[in-house]
Enquirer: 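Right, I'll just put the structure down here and ask away after.
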Amino acid sequence: MPAQYPLSPQVMVVSNITYFSPMFYLTGFPGLEAIKHWIFLPFFCMYLVAISGNCFILIIIRTNPRLHTPMYYLLSLLALTDLGLSVSTLPTTVGIFWFNYHSIYFGACQIQMFCIHSFSFMESSVLLVMSFDRFVAICYPLRYSVIITGRRVIRAGLFVILRGPVALIPIVLLLKVFPYCGSLVLSHSFCLHQEVIHLACVDTTFNNLYGLMLVVFTVMLDLVLIALSYGLILHTVAGLASQEEQLRAFQTCTSHLCAVLVFFVPMMGLSLVHRFGKEAPPAVHILMANIYLFVPPMLNPIIYSIKTKEIRRAISKLLGLRKANAESWG
């Protein structure tokens, strides 16, 4: 094992196989260690925009009674999910690029990968529920308040929160019983299940199949149902009498549609790179993973702030009050 990748004192090594509690080595961007502080600047900007933007969305919705509706409750859930996804990767990313600390204990790695994958599945679920909300609002506008009730929104929220984490528990806990061998180097600045499982020295067929089925029956199924919802929405919009009505109806979906594209396009790109781009440079895999995890939480609050009229009004009102207060104090 290379000297620069030390193991934890708690690790027992027999025939180059690591048992019990290994310590992994996170790399970030291999070969670019000399400019790591400069590399961290765009990451810092993305974290700043993602965390402050999603907190701002939550504050706007919380303090504006007009936004206390099912649509904006779901938007709050999306903002909380993006906030959790950003915070999940923050400790190790800051540790690597700013404090040059690359090691992570196996237990901490388990917690981080559980949080990252849980929030990713939760975001997929939120986008699915939001697509159903838009479908009902456009296709059955007169029955919207009857179909989308507060109780059903709460049930949908519980479904979103519990589905991913509960399904992830078996494969994340099973990693604890595997022996690990080799240098235990991970190519990202955070822990992902698909990377850690490749370092195990035993048959991991169950984890691989379970993980594949989990992706198919959660994220991929969500994408299919979202596409079906938009197919029905387009069919309804096409049947409206005038182009003005069609445009007005479809404008209510633009924010959500942008959020869907921002989340699922990088995810599909990362999946294609992992499965069909094995000959691609490691930097491509690292870049795609970073885009998938960092870009959606950063762009979603920007998208909803620009595309949603009620959010823009609330922001203008808040800024107007602050300006008036500043003038009165001046």
Enquirer: Quick one: pull up CD1 in Ile61 and CG in Asn64 and give me the separation to the nearest 0.5 Å.
Expert: 9.0 Å
Enquirer: Should we count CZ of Arg66 as having more than 12 external heavy atoms under 6.0 Å?
Expert: no
Enquirer: Report yes or no: does Tyr47 contribute a side-chain atom to a donor-acceptor pair with the main-chain N or O of Ser52 at less than 3.5 Å?
Expert: no
Enquirer: Can you give the donor-acceptor pairs under 3.5 Å from side chains of residues 252-261 to other protein atoms, not counting sequence neighbours?
Expert:
unit_1, atom_1, unit_2, atom_2, d
Thr252, OG1, Ala249, O, 2.6
Thr254, OG1, Gln251, O, 2.9
Ser255, OG, Thr308, OG1, 3.2
His256, ND1, Tyr230, OH, 2.6
His256, NE2, Leu127, O, 2.8
His256, NE2, Ser131, N, 3.4

Enquirer: Check the side chains of Asn290 and His188 for a donor-acceptor pair under 3.5 angstrom, ignoring hydrogens and angles.
Expert: no
Enquirer: Please tell me if the side chains of Thr27 and Ser189 come closer than 4.5 Å, counting only heavy atoms from C-beta onward.
Expert: no
Enquirer: Do you reckon Ile286 sits in the same ILVMFWY cluster as Trp98, going by side-chain contacts under 4.5 Å, direct or chained?
Expert: yes
Enquirer: May I ask you to test the Tyr72-Ile60 pair for a side-chain heavy-atom distance under 4.5 Å?
Expert: no
Enquirer: Would you say the side chain of Tyr73 lies within less than 4.5 Å of the side chain of Ile154, judging by non-hydrogen atoms?
Expert: no
Enquirer: Which value, rounded to the nearest 0.5 Å, describes the distance between Met298 atom CE and Leu293 atom CG?
Expert: 13.0 Å
Enquirer: Distance from Leu26 atom CG to Leu184 atom CG, nearest 0.5 Å?
Expert: 11.0 Å
Enquirer: Which atom names give the shortest non-hydrogen contact between Glu123 and Thr81, and what distance separates them?
Expert: N-CG2, 3.5 Å
Enquirer: Using a 4.5 Å cut-off on heavy atoms from C-beta on, say whether the side chain of Asn54 contacts that of Leu58.
Expert: no
Enquirer: For Phe40 and Val94: C-alpha separation, side-chain torsions, deciding distance, then whether side-chain contact (heavy atoms from CB on, under 4.5 Å) applies.
Expert: CA-CA 8 Å; Phe40 182 68; Val94 172; 3.8 Å; yes
Enquirer: Mind listing the closest non-hydrogen atom pair of Asp222 and Ser125 along with its distance?
Expert: OD2-N, 3.6 Å
Enquirer: Using a 4.5 Å cut-off on heavy atoms from C-beta on, say whether the side chain of Phe132 contacts that of Leu128.
Expert: no
Enquirer: Side chains of Thr92 and Tyr101: is there a donor and an acceptor less than 3.5 Å apart?
Expert: no
Enquirer: Quick one: pull up CD in Gln110 and CD1 in Ile104 and give me the separation to the nearest 0.5 Å.
Expert: 10.5 Å
Enquirer: Indicate every side-chain donor-acceptor pair of residues 144-151 with a distance under 3.5 Å to a residue at least two apart or in another chain.
Expert:
unit_1, atom_1, unit_2, atom_2, d
Tyr144, OH, Asp133, OD1, 2.4
Thr149, OG1, Arg152, N, 3.3

Enquirer: Suppose we screen for side-chain contact (heavy atoms from CB on, under 4.5 Å). Which residues come up paired with Leu221, at least two apart in sequence or across chains?
Expert: Leu225
Enquirer: State yes or no: do Phe263 and Phe159 share one hydrophobic cluster built from I, L, V, M, F, W and Y residues joined by side-chain heavy-atom distances below 4.5 Å, directly or via other members?
Expert: yes
Enquirer: Do Leu80 and Val126 come within less than 4.5 Å of each other through their side chains, counting heavy atoms only?
Expert: no
Enquirer: Are Leu299 and Val49 in one and the same hydrophobic cluster, where Ile, Leu, Val, Met, Phe, Trp and Tyr link if side-chain heavy atoms are under 4.5 Å apart?
Expert: yes
Enquirer: Do Leu209 and Val215 sit in the same hydrophobic cluster, where Ile, Leu, Val, Met, Phe, Trp and Tyr count as joined when their side-chain heavy atoms come under 4.5 Å apart?
Expert: no
Enquirer: Let's go through Ser120 and Tyr292 carefully: what are the C-alpha distance in whole Å and the side-chain angles of both, what is the deciding distance for side-chain contact (heavy atoms from CB on, under 4.5 Å) to 0.1 Å, and is it a yes or a no?
Expert: CA-CA 10 Å; Ser120 294; Tyr292 169 59; 3.4 Å; yes
Enquirer: Show the numbers, then the answer: is there a side-chain contact (heavy atoms from CB on, under 4.5 Å) between Glu310 and Met71?
Expert: CA-CA 11 Å; Glu310 289 78 6; Met71 174 183 172; 5.8 Å; no
Enquirer: In terms of side-chain heavy atoms, does Asn208 have a donor or acceptor partner in Gln194 at a distance below 3.5 Å?
Expert: no
Enquirer: Tell me if the aromatic rings of Phe24 and Tyr105 count as close, with their centers under 6.0 Å from one another.
Expert: no
Enquirer: To the nearest 0.5 Å, tell me how far Arg163 CZ sits from Ser124 OG.
Expert: 6.0 Å
Enquirer: Indicate the atoms forming the closest heavy-atom contact of His102 with Ile96, along with that distance.
Expert: CE1-CG2, 3.6 Å
Enquirer: Can you tell if the side chain of Ile197 reaches within under 4.5 Å of the side chain of Phe178, non-hydrogen atoms only?
Expert: yes
Enquirer: Leu175 vs Phe106, test: side-chain contact (heavy atoms from CB on, under 4.5 Å). Steps then yes/no.
Expert: CA-CA 9 Å; Leu175 292 174; Phe106 181 80; 3.7 Å; yes
Enquirer: So, do Phe44 and Phe97 have ring centers that fall under 6.0 Å from each other?
Expert: no
Enquirer: Where is the tightest heavy-atom contact between Met23 and Ser103, given as atom of each residue plus distance?
Expert: SD-CB, 3.3 Å
Enquirer: Write down the atom of Leu223, the atom of Met268, and the distance for their closest heavy-atom approach.
Expert: CD2-SD, 3.9 Å
Enquirer: Would Phe190 end up clustered with Phe99 when hydrophobic side chains under 4.5 Å apart are linked, directly or stepwise?
Expert: yes
Enquirer: Closest heavy-atom contact between Met267 and Val219?
Expert: SD-CG1, 2.9 Å
Enquirer: Just checking, any donor-acceptor pair under 3.5 angstrom between side chains of Ser187 and Glu195?
Expert: yes
Enquirer: Answer whether the closest heavy-atom distance between the side chains of Ile57 and Ser305 falls below 4.5 Å.
Expert: yes
Enquirer: Which distance, rounded to the nearest 0.5 Å, do you find between the CH2 of Trp38 and the CZ of Phe43?
Expert: 16.0 Å
